[in-house]
Amino acid sequence: MATKETLAAQSNDQSFAHIVDEFQWRGLMALSTDEKELREALDEPITFYCGFDPTAPSLHLGNLVQLLTMRRLQLAGHHPLALVGGATGLVGDPKPTAERTLNDRETVALWVEKLAEQNRRFLDFEGKNAARMVNNLDWTQEYSAIDFLREIGKHYRVGKMLSKDAVSARLNSDAGISYTEFSYQIMQGLDFLELYRRYDCVMQTGGSDQWGNLTSGTDLIHRVEGKSVHLIATPLITNADGKKFGKSEGNAIWLDAELTSPYAMYQFWLNTDDADVIDRLKVFTFLHRSEIEELAEKVKSEPHLREAQRTLALQVTEIVHSREEAESARDASAALFGSGDLRALDAQTLAAALRELPNARVQKGVSVVAALVETGLVESNGAARRAIAQGGVSVNKIKVDSEEAVIDDLLAGDVAVLARGKKSLAGLFF
RNA sequence: GGCAAGUUACCCAAGCGGCCAAAGGGAUCUGACUGUAAAUCAGCUGGUGUAUGCCUACGGGGGUUCGAAUCCCUCACUUGCCA
């Protein structure tokens, strides 16, 4: 991974007297345990953890908030434990809407590997406060049901478990909740206890929607070990227009380049709403306060230049992928969206840009409909014809006005740029 | 274990023998206006190049019927009440 330089370049903003101040300015602390004690605890290097459950083959943008929060704490001198949920992934945390479908063990094991691999790119696993990777399957699978019930279950009061939002929401919905998912909070509490015992881990970070599961651990440690440990919960990222953050065309933005290309990642951030872009810079980049405040001014004074969005897109794409890939995505974006004369571009630039896009190899004279389907820009021939009928398709920036149109007008290097709508582009190689 | 209600497309939800590829809403998508923004307005949204066709789809399987999302049986799951 080419992210070593990227990691090395990251830093916290030293103008803040305390990391908690920076977290608050960045809007990263939605909830926490007692702030005074938290600040005191963070004055010395501590070990903390954050867990990631394998519910998919890749982490997504929601997880990125956690990864970057961990990295900020690492930069402040603390020791991160990145936990992958080999055990909790087999159980499943309660979603607000419905019971999860259990994945089989092989799938979960595979996803655990993938998540661990992704984690390694965002934290430094070398040096004096190197991050470490742990898997809760390591201590959970040793437990017999009897031991679990006697040693752990005895510390949990059902009344309290029922009162947790994640559980009560489900009890009050017509989906109900299984004992399996109901038990999830205990598993997570056990994780914290184990990490406390094994690594002297005294803090956990996570999303605020996980608050009930986070406090499960602090309560358990308090009961069993008589010790107060700490929590920081990051806010759920929401868009100003009320739509769900982290989705593009209804699909999640993944951190895996196979699932979401660097170009798609760049485009996603570039399209950030003015009303959200400054908040995003605070949460998703390591830019310091002065730099972000400068960009905030520019959003007000010259919004059409979209400098904040450009900066955000480049920064995050670099963090998730690499500087090279971020720059390629930026250049491709500039070439394809820019002032617009595709014919002025030389073959090499054009080919490089098109490789960033979904693309396909086709024969000269291919129908536009077939090309749309081939590149994955639409899902079926019918959808392709519909898109053309709606005036949403263009080839080399020239609108296609017939469903029977074919492509025989090529750009330098025998390529063509196919577009569906304004933002979905694909490359055609002949 | 018993009884009752329920399981419809991405989500919510109507339909209760043919007029159902399935109302309505949300969401996505497209167009106009723009700054690759927001808001607003308009339109599309199962597949198949065009067939009163065929295929897929109303939880799974089976049946009744000329015809089933709709009726029956059965299995699974969900919720509620009773034990």
Side-chain angles (χ1 to χ4, degrees), chain A residues 94-102 168-182 238-253 263-281 295-296 298-314 317 329-340 342 353 356-357 366-370 372-373 376-394 397 399-406 417-426:
Chain A
K95 280 195 294 186
T97 46
E99 187 83 8
R100 289 178 190 272
T101 309
L102 290 177
S168 67
R170 282 279 294 280
L171 281 174
N172 295 328
S173 79
D174 52 9
I177 186 167
S178 66
Y179 184 74
T180 306
E181 289 193 2
F182 175 60
T238 53
N239 286 347
D241 60 13
K243 287 176 191 155
K244 237 183 202 156
F245 166 77
K247 304 261 168 159
S248 164
E249 298 190 17
N251 300 314
I253 304 289
Y263 172 82
M265 171 73 62
Y266 183 89
Q267 284 294 321
F268 171 80
W269 292 104
L270 188 65
N271 285 317
T272 302
D273 190 334
D274 288 1
D276 293 320
V277 68
I278 297 304
D279 286 350
R280 298 290 179 272
L281 283 164
L295 288 167
K298 290 184 175 169
V299 173
K300 286 197 192 108
S301 60
E302 42 188 28
H304 55 286
L305 295 182
R306 304 157 54 77
E307 190 171 337
Q309 278 90 341
R310 288 176 206 284
T311 306
L312 176 66
L314 189 66
T317 309
R330 177 197 60 194
D331 293 345
S333 174
L336 297 166
F337 281 98
S339 50
L342 290 172
E356 296 293 320
L357 270 38
V366 67
S367 74
V368 174
V369 169
L372 281 165
V373 175
L377 242 32
V378 299
E379 287 175 355
S380 66
N381 293 348
R385 290 191 201 98
R386 210 179 295 133
I388 293 172
Q390 290 180 133
V393 176
S394 68
K397 296 207 176 172
K399 187 183 278 189
V400 174
D401 50 20
S402 161
E403 294 178 13
E404 264 99 74
V406 295
V417 179
L418 187 63
R420 179 214 182 185
K422 285 175 187 138
K423 289 178 269 182
S424 306
L425 302 179

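Values reported hereafter were calculated over all heavy atoms of this structure, with side chains retained and with hydrogens, waters and symmetry mates removed. Only a predicted model underlies this, so the values are computations on that prediction, with no experimental measurement involved. The sequence lines fix the lettering, A, B, ..., with proteins before strands; numbering per chain opens at 1.
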Whole-Å distance, A:Leu418 CG to B:U30 P, equals 13 Å
For A:Lys298 and B:G35, what is the distance between atoms NZ and C1' respectively, to the nearest whole Å?
-> 16 Å
Across all chains, not counting sequence neighbours, the salt bridge (charged side-chain N to carboxylate O under 4.0 Å, His left out) partners of A:Glu307 are A:Lys298
dist A:Ser333:OG -> A:Leu314:CG (nearest 0.5 Å) comes out at 10.5 Å
Minimum-distance pair of heavy atoms, taken over all atoms of A:Phe337 and A:Gln267 | CE1-NE2, 3.6 Å
Check the distance between B:G31's C1' and A:Lys422's NZ and give it to me in whole angstrom.
-> 7 Å
Take atom CG of A:Leu270 and atom P of B:A37, then tell me their distance rounded to the nearest Å.
-> 9 Å
P spacing across the pair B:U78 / B:G43, given as an integer number of angstrom | 43 Å
When rounded to the nearest 0.5 Å, the distance separating CG of A:Leu372 from CG of A:Leu418 is 4.5 Å
Between A:Arg385 and A:Arg420, the residue closer to the 5' end of RNA chain B by nearest nucleotide is A:Arg420
Rounded P spacing from B:A69 to B:U64 in Å | 16 Å
Listing time: all N or O pairs from protein to nucleotides 75-78 of chain B that are below 3.5 Å?
| residue | atom | partner | partner atom | Å |
| --- | --- | --- | --- | --- |
| B:U78 | O3' | A:Ala175 | O | 2.9 |
| B:U78 | O2' | A:Asp174 | O | 2.6 |

Going by modelled atom types, is there a donor-acceptor pair between the base of B:U36 and the side chain of A:Gln309 at under 3.5 Å?
-> no
Can you give me the N/O atom pairs linking the protein to nucleotides 38-42 of chain B at distances under 3.5 Å, or say none if there are none?
none

Please report, rounded to the nearest Å, how far the C1' atom of B:A37 is from the CH2 atom of A:Trp269.
-> 15 Å
A:Pro303 vs A:Gly391, nearer the 5' end of RNA chain B by closest nucleotide | A:Gly391
A:Phe182 side chain reached by A:Pro94 side chain, heavy atoms, under 4.5 Å = no
In whole angstrom, give me the gap between the C1' atoms of B:G2 and B:C11.
-> 35 Å
Of all the heavy-atom pairs spanning A:Ala240 and A:Ala275, show the shortest one and how long it is.
-> CB-CB, 3.7 Å
Would you kindly give the CD1-to-P distance between A:Ile388 and B:G31, to the nearest whole Å?
-> 13 Å
Could you list the residues that satisfy side chain to side chain donor-acceptor pair (under 3.5 Å) with A:Asn239, not counting sequence neighbours?
-> A:Arg280
Taking only residues two or more places apart in sequence, or in another chain, which ones meet A:Glu99 in a salt bridge (charged side-chain N to carboxylate O under 4.0 Å, His left out)?
-> A:Arg170
Sticking with atom C1', work out how far B:G63 lies from B:G1, rounded to a whole angstrom.
-> 29 Å
Considering only atom P, compute the distance from B:C3 to B:C58 and round it to an integer number of Å.
-> 28 Å
Taking the side chain as every heavy atom from C-beta outward, state whether A:Leu312 and A:Leu270 have any atom pair closer than 4.5 Å.
-> no
Shorter than 3.5 Å, N or O on both sides, protein versus nucleotides 2-6 of chain B: list them out with atom names.
none

Check the distance between B:A37's P and A:Leu305's CG and give it to me in whole angstrom.
-> 15 Å
Heavy atoms only: give me the nearest A:Lys399-A:Gly391 pair and the separation to one decimal.
-> CE-O, 3.5 Å
Show me the protein contacts with nucleotides 43-47 of chain B, counting only N or O atoms at under 3.5 Å.
| residue | atom | partner | partner atom | Å |
| --- | --- | --- | --- | --- |
| B:G43 | N2 | A:Gln390 | OE1 | 3.2 |
| B:C44 | O4' | A:Gln390 | OE1 | 3.2 |
| B:G47 | OP1 | A:Ser380 | OG | 2.9 |
| B:G47 | OP1 | A:Arg386 | NH2 | 3.4 |
| B:G47 | OP2 | A:Arg386 | NH2 | 3.2 |

Using a 3.5 Å limit on both pairing distances, list the dot-bracket string of RNA chain B from the 5' end; Watson-Crick and G-U wobble pairs count, crossing pairs take [ ], interstrand pairs take |.
-> ((((((((.[[[..)..(.....]]](.((((.......)))).)(((....)))...[[[[[..)....]]]]]))))))).
Nearest-angstrom distance, P atom, B:G24 to B:C16 = 16 Å
Partner residues of A:Asp274 under the side-chain contact (heavy atoms from CB on, under 4.5 Å) criterion, sequence neighbours left out = A:Val299, A:Pro303, A:Gln309
Is the side chain of A:Arg420 donor-acceptor paired with the backbone N or O of A:Leu377 at a distance under 3.5 Å, no angle test?
-> yes
Determine the Euclidean distance between corresponding P atoms of B:U36 and B:G31; express it in Å to zero decimal places.
-> 14 Å
Please answer whether the main-chain N or O of A:Trp269 pairs with a side-chain N or O of A:Thr272 as donor and acceptor at a distance below 3.5 Å.
-> yes
Sequence neighbours left out, cut at 3.5 Å: what donor-acceptor pairs do the side chains of residues 380-390 of chain A make with other protein atoms?
| residue | atom | partner | partner atom | Å |
| --- | --- | --- | --- | --- |
| A:Ser380 | OG | A:Ala383 | N | 3.1 |

Can you tell me if A:Arg310 uses its side chain to pair, donor with acceptor, with the backbone of A:Leu305 under 3.5 Å?
-> yes
Is any side-chain heavy atom of A:Phe268 less than 4.5 Å from a side-chain heavy atom of A:Ile253?
-> yes
side-chain contact (heavy atoms from CB on, under 4.5 Å) involving A:Ala370 - partner list, sequence neighbours excluded = A:Val366, A:Ser367
Set of residues satisfying side-chain contact (heavy atoms from CB on, under 4.5 Å) with respect to A:Thr317, sequence neighbours excluded = A:Pro262, A:Met265, A:Tyr266, A:His321, A:Ala326
Could you check how far CG of A:Leu357 sits from P of B:U36, rounded to whole Å?
-> 17 Å
Give a yes/no on whether any side-chain N or O of A:Arg306 is located under 4.0 angstrom from OP1 or OP2 of B:U36.
-> no
Which value, in whole Å, describes the distance between the C1' atoms of nucleotides B:C54 and B:U7?
-> 29 Å
